[in-house]
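Working notes, structure below.
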Amino acid sequence: MKSEITISELANLMNVSVHQIRYFEEKGVLQPAYTDNNQYRMYGIEQVYQLAHILLLRKLGVSVQSIKICMTSYSVDQYRQLLHYSSREADAELLRLKELQQFIKKVLHEQQNFNSESNQYQIKWRDTTYFESWIEMGSHTMLNAKLLAEQAKRVLNLFETDIHYIYDGSSTITLCLETQGPGDFSLPEGNYLSMQCLILEDDELEQMIEQLYDYAAAQSYTIAGPLILIERSYLSLFSSKNELHYELQLLIESATKS
DNA sequence: TTTCTCACA
DNA sequence: TGTGAGAA
């Protein structure tokens, strides 16, 4: 009985595809022990170890091209360096995954928030928030790709964060992104009249804004700041319809509420 | 089942 | 750096 195994047996054993094993052979990193009369590649225990080493080096981020050099000529010191490098890469990947998980949690949290508060007026306390202004545009301009490309400062993870549109009554709207520390400007802490809404058409948004002002007037709230429109486009992605998720906010002076 | 080759992401 | 498909 032969002690060697066929390519599919090796593939099964090592949890890789037959294709991949042949690919390693083509690149000169893994040769079969011998080729049988029927032209089948046959592999022994030595090749099993070799393949295990190749797969480990691939996990460490070594290219197939470099694996040959690694396996034939690397010193202990060079392997040490490689391990250090891979460790740093793994740290970066961990960070990336942690950020992704935070984002997912945020979406889940915001989704729940949105569902329970949609189309209801609320008073929300907001701590001082700092912003970096991102795009300035005319109050009747629509956000378009050209504007984004030409005017916008480069931003990481576009549309994965809340975008604040600040309507301060002038002829321009400022699109801002929240920052941790002091940025270009800030919104004061205080009570904000808030409403979350789902919008299909742009004119619906204008109606919502009007309604918010009407409601504020009816409640005799004194408006003490600009209109803030928060766009959460990442929420729209995860809802079934093509609706856009917005929140409208107005700073009010609660002391003057009758 | 395996081999080889070409196309494709 | 692989994978998929097709013919032998």
Side-chain angles (χ1 to χ4, degrees), chain A residues 1-108 111 143-150 152-161 163 232-242 244:
Chain A
M1 189 177 151
K2 280 175 185 158
S3 61
E4 288 79 19
I5 54 178
T6 64
I7 197 164
S8 57
E9 285 172 315
L10 180 63
N12 266 330
L13 177 67
M14 304 302 292
N15 234 334
V16 294
S17 67
V18 167
H19 239 94
Q20 203 178 350
I21 297 174
R22 277 199 222 104
Y23 180 72
F24 290 149
E25 182 183 333
E26 190 191 315
K27 296 294 165 191
V29 292
L30 179 71
Q31 301 300 326
Y34 66 92
T35 308
D36 215 350
N37 292 335
N38 55 10
Q39 296 302 302
Y40 285 12
R41 296 162 171 85
M42 302 301 287
Y43 301 87
I45 186 73
E46 205 181 314
Q47 286 73 43
V48 173
Y49 276 98
Q50 255 178 40
L51 179 54
H53 287 166
I54 291 165
L55 294 172
L56 189 55
L57 287 171
R58 285 294 299 120
K59 271 193 192 171
L60 293 175
V62 182
S63 69
V64 177
Q65 297 283 346
S66 315
I67 283 177
K68 207 174 173 181
I69 309 164
C70 259
M71 291 174 78
T72 52
S73 67
Y74 255 36
S75 64
V76 176
D77 207 47
Q78 280 173 303
Y79 271 119
R80 249 193 120 65
Q81 275 180 29
L82 171 65
L83 288 167
H84 277 302
Y85 173 78
S86 300
S87 174
R88 286 194 298 273
E89 292 288 295
D91 283 341
E93 183 65 5
L94 271 174
L95 183 67
R96 192 188 68 78
L97 288 172
K98 271 185 194 160
E99 282 173 1
L100 179 63
Q101 193 182 41
Q102 266 179 15
F103 173 70
I104 295 167
K105 281 183 177 167
K106 185 177 105 174
V107 172
L108 284 170
Q111 245 179 1
L143 186 59
N144 60 55
K146 199 78 185 166
L147 246 174
L148 273 178
E150 284 176 355
K153 296 175 192 164
R154 272 195 67 202
V155 58
L156 224 53
N157 305 328
L158 186 60
F159 297 130
E160 286 178 26
T161 51
I163 295 171
R232 299 196 176 92
S233 61
Y234 54 91
L235 277 189
S236 309
L237 169 65
F238 301 110
S239 70
S240 47
K241 297 163 211 150
N242 282 332
L244 285 171

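Letters A, B, ... are given to chains in the order of the sequence lines, protein chains preceding strands, and every chain is numbered from 1.
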Of residues 5-23 of chain A, the positions that come close to DNA chain C - non-hydrogen atoms, cut-off under 4.0 Å: A:Ser17, A:His19, A:Gln20, A:Tyr23

Derivation and outcome, salt bridge (charged side-chain N to carboxylate O under 4.0 Å, His left out), residues A:Arg22 and A:Glu25: CA-CA 5 Å; A:Arg22 277 199 222 104; A:Glu25 182 183 333; over 6 Å; no

Pairing of A:Arg96 and A:Glu93 as salt bridge, 4.0 angstrom limit: yes

Segment of DNA chain C, first to last nucleotide, that comes within the 4.0 Å heavy-atom reach of chain A: C:dT1 to C:dA5

Value in whole Å for how far the C1' atom of B:dA7 lies from CD of A:Glu26: 14 Å

Whole angstrom value for the distance that separates P of B:dT2 from CD of A:Glu25: 14 Å

Heavy atoms of other groups near A:Asn242 CG, more than 12 under 6.0 Å: no

Donor-acceptor pair, side chain of A:Asp36 and main chain of A:Asn38, under 3.5 angstrom: no

Short side-chain to backbone donor-acceptor contact, A:Ser73 and A:Ile69, under 3.5 Å: yes

Distance, rounded to the nearest Å, where A:Glu4 contributes CD and B:dT2 contributes C1': 17 Å

A:Tyr79 side chain vs A:Cys70 backbone, donor-acceptor pair below 3.5 Å: yes

Distance, nearest 0.5 Å, that separates CG of A:Leu108 from CZ of A:Phe103: 10.0 Å

Distance in Å, A:Phe24 CZ paired with A:His19 NE2, rounded so as to fall on 0.5 Å steps: 12.5 Å

